[in-house]
Amino acid sequence: MGIVIYNTMTRRREPLEPRIPGQVGLYVCGMTVYDHCHIGHARVMVVFDIIVRHLRARGLQVTYVRNFTDVDDKILRRCAETGLTLTELTERYIAAFHQDMAALGVTPADMEPRATEHLAEMQAMIRRLMDNDLAYQSGEDVYYAVNRFARYGRLSGKSLADLDAGSRVAVDPNKRNPLDFVLWKGAKAGETVRWDSPWGEGRPGWHIECSAMSTKYLGESFDIHGGGLDLVFPHHENEIAQTEGATGHPWVRYWIHNGFVNVIDAAGEREKMSKSLGNFRTIRDLLAEYPGEVIRLFILNSHYRTPLDFSRELLDAARAGLDRLYSALQGAGRAGAVLQPPPGPPDPESLTGSPFRDQAERFFAAMDDDFNTPQALGALFDLARELNRALGEGPGRVAEGVRVLLGLAGIVGLLGAAPDQWFKQAAPGAETAGPAPAEIEALLAQRTAARKARDFARADHIRDQLARQGITLLDSKEGTAWRRGQ
């Protein structure tokens, strides 16, 4: 069938047909780096990570570009609050972003351009827009003339006649039209962050950076542009007006947007997560309580276009789900299977006669169908159950199940830990609860010695002591392993 994508621009599902066969150019709006990332940012990054992973698993060569906005009003306000320079502040939060993404298993983008490193490209695009009579200078500011771009509003479904200038667009007496947006901001008195330009010293507007950077690295037309649903208007709408207004031809073929994150409060009510409401949780706050894979699975349990409900109960459910997957791997390992990820994704056609073929086909069908991770995860859990049943069918069948499970899980970025290490992690919200690993290992050594001495009462006492502290022992001919929880 091939890969099908829901295109925000056309509001319908369309087969993916890259401009250049076998190659996909993908640009995603990244972080404005003035603070730590929250779970809403995590959703964007995880969603597009699995999109890139799946496209590559299907044999496509993907060039993935994700930017950093490293100068804007929020960043400058934070610099004033902290006393840090622009570089000091943005470098701090770019480093924090990379740490958070590594913990979530998000693979790095191929390119991570920064706005401050592409001023020449932005100024060149602004000049093209002025030459095309789509932009004008007012004082030391330069604005885009929205009413001169006939196709404005196609992505968001808004028309110029319907837009209320006072609702979402700041009214500025320097604009010819309240809907016009800034391309270049002239420096105000006292502002030290400024660059030279043909229109006077200043800095770029927010929208122009993505137009300039995406076209530099992916060309004036490319395949996929993505981001959160909140960027459809005005940011992505303005990007289209800028880029197509400058180049004179279509820019992006497919637009992909992920849904919002909702917080479930104590009363069970939903509200959109946002910094303005003060109800957001940073990724690193959550990582203090949950492994990164738990947060990742929690995100993937909802289709990327639907709202994502956030609650501890759902995070705990994701942890329990991962425990089931890792338990299947752990059982296979104890049956002698090598728990090593395969070099590439499994080919369902090579699984003729295998009990794992159905799950592999369902997984790929789900991911090909607009990256339907909930259905793909369902296939993974069914595969884990099939692997448990295969434990009595011999090492060859078990090894095959492990290869398929790890190969498919790798496409969605799961099962990256060794099962024994996974189960030794503390339970959510209980990082310091229970005995420390060194204490557990010492008790296991005592238990092993007691069993060798045939002091089974002592061995059972140690097992029961650990069980009361939430530690489960797993005896096999290879020795004894342990894990937290049942």
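Judged purely by atom type and a 3.5 angstrom limit, Asn7 has no side-chain atom pairing as donor or acceptor with the backbone of Arg12. Not a single donor-acceptor pair under 3.5 Å links the side chain of Tyr64 to the backbone N or O of Val24. Although no hydrogens or angles enter the test, the distance criterion places no donor-acceptor pair under 3.5 Å between the side chain of Asp369 and the main chain of Asn372. Arg92 places no side-chain N or O within 3.5 Å of a backbone atom of Leu84 that could act as its donor or acceptor partner. Side-chain N or O atoms of Gln421 include none that pairs as donor or acceptor with a backbone N or O of Ala418 at under 3.5 Å. Side-chain atoms of Arg253 come within 3.5 Å of backbone N or O of Glu17 as a donor-acceptor pair. Asn67 places a side-chain N or O within donor-acceptor distance of the main-chain N or O of Gly30, the cut-off being under 3.5 Å. Panel note: side chain Asp230, backbone Phe260; no donor-acceptor pair is recorded below 3.5 Å. Remark: the backbone N or O of Ala212 is paired with a side-chain donor or acceptor of Thr215 at under 3.5 angstrom. In terms of modelled atom types and a separation under 3.5 Å, the side chain of Asn262 and the main chain of Asp309 share no donor-acceptor contact.
A ring-ring contact (aromatic ring centres under 6.0 Å, His included) check over residues 73-100, counting only residues at least two apart or in different chains, returns the pairs His36-Tyr93, Phe68-Phe97, Phe68-His98.
Between Tyr34 and Cys79 there is no side-chain heavy-atom pair separated by less than 4.5 Å. Side chains of Phe222 and Thr63 form no contact here, defined as non-hydrogen atoms less than 4.5 Å apart. Annotation: side chain of Phe363 is in contact with side chain of Val412 (closest heavy-atom distance under 4.5 Å). Two residues are said to be in side-chain contact when any heavy atoms from C-beta on lie closer than 4.5 Å; Thr90 and Thr116 fail this criterion. In this structure, Ile5 and Ile224 have side chains that are in contact, with non-hydrogen atoms separated by less than 4.5 Å. Two residues are said to be in side-chain contact when any heavy atoms from C-beta on lie closer than 4.5 Å; Arg305 and Asn258 fail this criterion. With contacts defined as side-chain heavy-atom distances shorter than 4.5 Å, the pair Met213/Met111 does not qualify. Residues Cys29 and Glu239 meet the side-chain proximity criterion, which asks for heavy atoms closer than 4.5 Å.
Side-chain contact check for Asp323 and Trp422: at least one donor-acceptor pair (N or O, by modelled atom type) lies under 3.5 Å. A side-chain N or O of Glu293 and one of Tyr326 form a donor-acceptor pair less than 3.5 Å apart.
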Please report, to 0.1 Å, the donor-acceptor pairs under 3.5 Å made by any side chain of residues 391-407, with sequence neighbours excluded.
{"unit_1": "Arg397", "atom_1": "NH1", "unit_2": "Glu400", "atom_2": "OE1", "d": "2.8"}
{"unit_1": "Glu400", "atom_1": "OE1", "unit_2": "Ser354", "atom_2": "OG", "d": "3.0"}

Only distances under 3.5 Å count here; give the side-chain donor-acceptor pairs of residues 49-59 to other protein atoms, sequence neighbours excluded, each with its distance to 0.1 Å.
{"unit_1": "Asp49", "atom_1": "OD1", "unit_2": "Thr107", "atom_2": "N", "d": "3.1"}
{"unit_1": "Asp49", "atom_1": "OD1", "unit_2": "Thr107", "atom_2": "OG1", "d": "2.6"}
{"unit_1": "Asp49", "atom_1": "OD2", "unit_2": "Arg53", "atom_2": "NE", "d": "2.8"}
{"unit_1": "Asp49", "atom_1": "OD2", "unit_2": "Arg296", "atom_2": "NH1", "d": "3.2"}
{"unit_1": "Asp49", "atom_1": "OD2", "unit_2": "Arg296", "atom_2": "NH2", "d": "2.6"}
{"unit_1": "Arg53", "atom_1": "NH1", "unit_2": "Gly410", "atom_2": "O", "d": "2.8"}
{"unit_1": "Arg53", "atom_1": "NH2", "unit_2": "Gly105", "atom_2": "O", "d": "2.9"}
{"unit_1": "His54", "atom_1": "NE2", "unit_2": "Asp368", "atom_2": "OD1", "d": "2.8"}
{"unit_1": "Arg56", "atom_1": "NH2", "unit_2": "Val62", "atom_2": "O", "d": "3.1"}
{"unit_1": "Arg56", "atom_1": "NH2", "unit_2": "Asp110", "atom_2": "OD1", "d": "3.4"}
{"unit_1": "Arg56", "atom_1": "NH2", "unit_2": "Asp110", "atom_2": "OD2", "d": "2.9"}
{"unit_1": "Arg58", "atom_1": "NE", "unit_2": "Asp368", "atom_2": "OD1", "d": "3.2"}
{"unit_1": "Arg58", "atom_1": "NE", "unit_2": "Asp368", "atom_2": "OD2", "d": "3.4"}
{"unit_1": "Arg58", "atom_1": "NH2", "unit_2": "Asp368", "atom_2": "OD2", "d": "2.7"}

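Look at Asp35 and Lys74 and you find no salt bridge, because none of the NZ, NE, NH1 or NH2 atoms lies under 4.0 Å from a carboxylate O. Under the 4.0 Å criterion applied to side-chain N and carboxylate O atoms, Arg78 and Asp72 are not assigned as salt-bridge partners. Comment: Asp316 does not engage Arg319 in a salt bridge, judged by the lack of any side-chain N to carboxylate O separation of less than 4.0 angstrom.
The two residues Ala328 and Leu387 have their closest heavy-atom pair at O-CD2, 3.8 Å. Nearest heavy atom pair, residue Pro346 against residue Pro348, reads O-CD, 3.5 Å.
Note: Asp382 CG to Arg362 CZ = 4.5 Å, rounded to the nearest 0.5 Å. Here Leu286 contributes atom CG and Cys37 contributes atom SG; the two are 12.0 Å apart, rounded to the nearest 0.5 Å. Distance check: Gln99 CD to Met101 CE gives 11.0 Å after rounding to the nearest 0.5 Å. Between atom OH of residue Tyr6 and atom NE2 of residue His303 there is a gap of 11.0 Å, rounded to the nearest 0.5 Å. In this structure, OH on Tyr217 lies 6.5 Å from CD on Glu121, to the nearest 0.5 angstrom. Atoms CG and CG, on Leu308 and Leu300 in that order, are 9.5 Å from each other to the nearest 0.5 Å.
For the pair Arg324 and Phe381, the cation-pi test (distance below 6.0 Å, angle within 45°) is passed.
No more than 12 heavy atoms of other residues, nucleotides or ligands sit less than 6.0 Å from atom CZ of Arg454.
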For this session: Carefully, step by step, assess Gln359 and Leu380 under the rule side chain to side chain contact (heavy atoms under 4.5 Å, CB included).
Result: CA-CA 7 Å; Gln359 289 85 11; Leu380 279 188; over 6 Å; no
For this session: Test salt bridge (Lys or Arg N to Asp or Glu O under 4.0 Å) on Glu349 and Arg357 and set out the steps.
Result: CA-CA 8 Å; Glu349 294 299 320; Arg357 176 169 179 165; 3.4 Å; yes
Problem set entry | Residues Glu289, Arg281; criterion salt bridge (Lys or Arg N to Asp or Glu O under 4.0 Å); working and verdict | CA-CA 12 Å; Glu289 303 176 57; Arg281 294 291 305 277; 3.0 Å; yes
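Note: Trp255 and Trp251 have perpendicular aromatic rings, judged against thresholds of 30 and 60 degrees for the angle between ring planes.
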